[in-house]
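Following: one structure in structure tokens, then a few remarks.
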Amino acid sequence: MSEDFDVTSDWHVAAPYAFLRRLRAASPVFKSEHLGAYVLTRHADVRAAYGDPQSFSSKGSLTISRSLTRETREKLGEHGSFLSSFVANVDPPDHTRLRRSVSRAFTPRAVAALEQRFRRLNEDLLDRVAPRGHADFVTDLGHEPSIKLTARFIGVPEADEAFVQAHVKDWFQLFLSPQPPERQLELAGSFLDYLDYVDRLVAARAKDPRDDFTSLMTALIGAELTHREVVELISTILLGGNDTVPNQLGNTVLRLLREGVWPVPDALLANASEECMRIDGASLGSFRYAARELTLRGVTIPAGALVLLSTDSAGHDESVFPDPDRFVIDRPNAAEHLVFGYGIHFCVGAALARLQLRTALEVLGRRLPGLRLVPGQDIAYRRSIVGRGLSSLAVEW
């Protein structure tokens with residue numbers, strides 16, 4: 001098969017489905033020269049790999065810094081292995097300990113308490129934007145409520161939200177998107193400033209605890225967690241709230257408008273959200289390392305090889321989701337997508353992400369029932385190895 005993934009081309013994020021369908025049929029375990037990884041494309045294999053950390057190790061898997069130049073690595077120093085102790089990036093027993101600590105902040109009661117706050121943030125934003133009659137959904141509507149909610153949850157002061165948003169974007173580009181050498185150095189500088197900021201936040205909460213995630217985690221330093229682990233946890237949750245969740249909301253609104261199902265009836269909001277995550281996931285997959293030599297579908301994966309678990313392909317697997325490229329708002333098994341992972345690495349913030357998606361769609365649908373796409377625009381996605389997000393989306397009402 002002469003085709004391969006190509007993260008520098010538009011189709012890689014925007015429309016990879018015909019390519020992925022061919023892989024599932026003819027080459028379900030695909031060696032990608034471009035990614036330098038073996039790619040698992042079938043739902044059953046992706047799910048099984050998530051569920052088997054002994055064979056598919058998470059250790060170091062998020063640190064996609066292989067593309068960094070020597071100069072950039074030197075600048076980053078010890079932080080070149082950033083995320084080396086983040087909960088999604090380690091195996092048991094470290095994973096078990098980290099996950100237990102983080103879960104204290106994501107109890108069902110704590111997540112439910114955030115719903116009203118998030119609803120208010122969406123209402124306040126629409127009070128300001130609705131009179132205009134038009135907006136760029138990505139910059140004007142999609143991001144602010146999620147960024148503010150995440151900031152309040154973590155304990156980031158309001159005055160620092162813009163700083164955090166800009167720097168999170170930079171570190172996402174540095175580690176998860178291919179960049180030319182001079183841009184890498186710029187992004188590395190921004191990233192070090194960001195880590196320094198989170199470091200200071202942790203130190204401040206150690207002295208003066210408040211009712212926020214940072215204080216909760218800081219209290220565990222020495223007993224259950226290290227200082228570095230807390231810094232990495234905070235940094236990564238800020239990435240989810242500043243980037244992944246808003247990207248999913250943008251993808252979802254675009255899909256619903258294109259399908260002509262806006263506004264979504266309240267009874268269908270939860271399932272519509274799952275179907276949009278399945279068909280237009282903001283996360284395209286996760287990397288793992290083969291912990292030993294593995295043979296799967298007749299392909300030998302050498303020990304130590306990088307493996308991409310393609311949740312994007314899994315969500316379009318015709319053996320699980322009949323007619324997978326068609327949006328079915330009441331698809332009975334839509335929630336069987338693997339966008340949040342599976343098994344011990346199932347996303348710790350999944351309940352909060354789902355709540356945000358449902359709540360935003362409900363408020364937007366009620367306040368802007370006439371929402372529509374501005375005709376004639378080019379829909380463009382950001383280029384990325386593992387994420388799908390729109391660069392802009394012109395809407396009117």
Side-chain angles (χ1 to χ4, degrees), residues 10-11 13-15 115-152 158-159 161-166 168-170 172-173 240-266 268-270 272-273 275-277 279-282 327 329 353-384 387-397:
D10 289 334
W11 70 264
V13 169
E115 181 174 0
Q116 285 315 107
R117 186 180 279 183
F118 188 62
R119 186 177 299 280
R120 186 72 259 151
L121 288 167
N122 277 277
E123 299 278 10
D124 290 348
L125 175 62
L126 284 162
D127 288 345
R128 299 198 307 273
V129 177
R132 279 199 238 154
H134 62 88
D136 177 342
F137 188 88
V138 174
T139 53
D140 301 334
L141 288 168
H143 277 69
E144 184 187 297
S146 187
I147 288 167
K148 285 187 173 296
L149 184 77
T150 309
R152 292 296 80 76
E158 196 162 359
E161 283 170 14
F163 171 90
V164 167
Q165 187 189 3
V168 161
K169 207 172 188 174
D170 284 354
F172 185 89
Q173 289 186 351
N242 279 265
D243 204 79
T244 316
V245 173
N247 283 343
Q248 185 62 63
L249 180 59
N251 297 349
T252 297
V253 167
L254 172 61
R255 169 63 62 176
L256 295 170
L257 293 177
R258 278 180 162 168
E259 299 286 346
V261 289
W262 187 269
V264 178
D266 284 359
L268 287 172
L269 276 173
S273 300
E275 177 70 344
C276 288
M277 284 189 271
I279 203 167
D280 296 307
F327 175 82
I329 198 166
R354 283 177 154 137
L355 177 143
Q356 286 179 253
L357 201 51
R358 284 196 313 271
T359 306
L361 291 175
E362 187 267 308
V363 175
L364 285 162
R366 177 167 41 76
R367 296 285 302 268
L368 303 176
L371 189 69
R372 60 188 177 272
L373 297 172
V374 170
Q377 64 180 302
D378 286 328
I379 304 291
Y381 291 86
R382 293 185 340 199
R383 288 179 182 172
S384 166
R388 173 179 288 116
L390 295 156
S391 13
S392 67
L393 186 67
V395 291
E396 55 193 14
W397 52 89

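Fair warning: this is a prediction, and the values are worked out from it, not measured in the lab. Index from 1, following the sequence.
- For the atom pair Leu141 CG and Leu371 CG, the distance stands at 8.0 Å (nearest 0.5 Å).
- With a 4.5 Å cut-off on side-chain heavy atoms, Arg117 and Lys148 do not count as touching.
- The heavy-atom pair separating Leu390 from Gly250 by the smallest distance is CD1-O, 3.6 Å.
- Put simply, the side chain of Leu256 reaches to within 4.5 Å of the side chain of Leu361, judged on heavy atoms.
- Remark: the backbone N or O of Ala380 is paired with a side-chain donor or acceptor of Ser391 at under 3.5 angstrom.
- For the pair Phe137/Leu257, no side-chain contact is recorded, criterion being any heavy-atom separation below 4.5 Å from C-beta on.
- At least one donor-acceptor pair closer than 3.5 Å links the side chain of His143 to the backbone N or O of Val138.
- A salt bridge between Arg128 and Asp124 is absent, with no side-chain N of the basic residue lying under 4.0 Å from a carboxylate O of the acidic one.
- Under a 3.5 Å cut-off, the side chain of Asp140 and the backbone N or O of Ala135 do not form any donor-acceptor pair.
- Here Asp280 contributes atom CG and Arg258 contributes atom CZ; the two are 8.5 Å apart, rounded to the nearest 0.5 Å.
- To the nearest 0.5 angstrom, Glu275 atom CD is 10.5 Å from Thr252 atom OG1.
- Side-chain contact between Ile329 and Glu259 is absent, with no heavy-atom pair separated by less than 4.5 Å.
- In terms of heavy atoms, Ala282 sits closest to Gln248 at N-OE1, 2.7 Å.
- For the pair Val261 and Phe327, the minimum side-chain heavy-atom distance is below 4.5 Å.
- In terms of modelled atom types and a separation under 3.5 Å, the side chain of Asp136 and the main chain of Leu393 share a donor-acceptor contact.
- To the nearest 0.5 Å, the span separating CD on Gln165 from CG on Asp170 amounts to 11.0 Å.
- Residue-environment remark: CG (Asp127) exceeds the threshold of 12 foreign heavy atoms within 6.0 Å.
- Between Gly241 and Thr150, the shortest heavy-atom distance links the atoms CA-OG1, 3.1 Å.
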Check step by step if side-chain contact (heavy atoms from CB on, under 4.5 Å) holds for Val363 and Phe118. CA-CA 10 Å; Val363 175; Phe118 188 62; over 6 Å; no
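- Evaluation of the ring-ring contact (aromatic ring centres under 6.0 Å, His included) rule for Trp397 yields no partner, not counting sequence neighbours.
- Of all heavy-atom pairs spanning Val13 and Gly387, the tightest one is CG2-O, 3.8 Å.
- Contact annotation: the side chain of Arg382 approaches that of Asp243 to within less than 4.5 Å [non-hydrogen atoms, C-beta and beyond].
- When all heavy atoms are compared, the tightest approach of Leu373 to Gln377 is CB-NE2, 4.1 Å.
- Rounded to the nearest 0.5 angstrom, Leu125 CG and Leu364 CG are separated by 8.0 Å.
- The closest donor-acceptor contact from the side chain of Arg388 to the backbone of Gly281 lies under 3.5 Å.
- By the 4.5 Å heavy-atom criterion applied to side chains, Ile279 and Arg255 are counted as neighbours.
- For Glu123 and Arg119, the salt-bridge test fails: no basic side-chain N is under 4.0 Å from an acidic carboxylate O.
- Considering CD of Glu362 and CG of Leu269, their distance stands at 7.0 Å, rounded to 0.5 Å.
- Inter-residue side-chain proximity for Leu249 and Ser146 is flagged as unmet; no heavy-atom pair is nearer than 4.5 Å.
- Closest approach of Gly142 to Pro246, counting heavy atoms only: O-CB, 3.6 Å.
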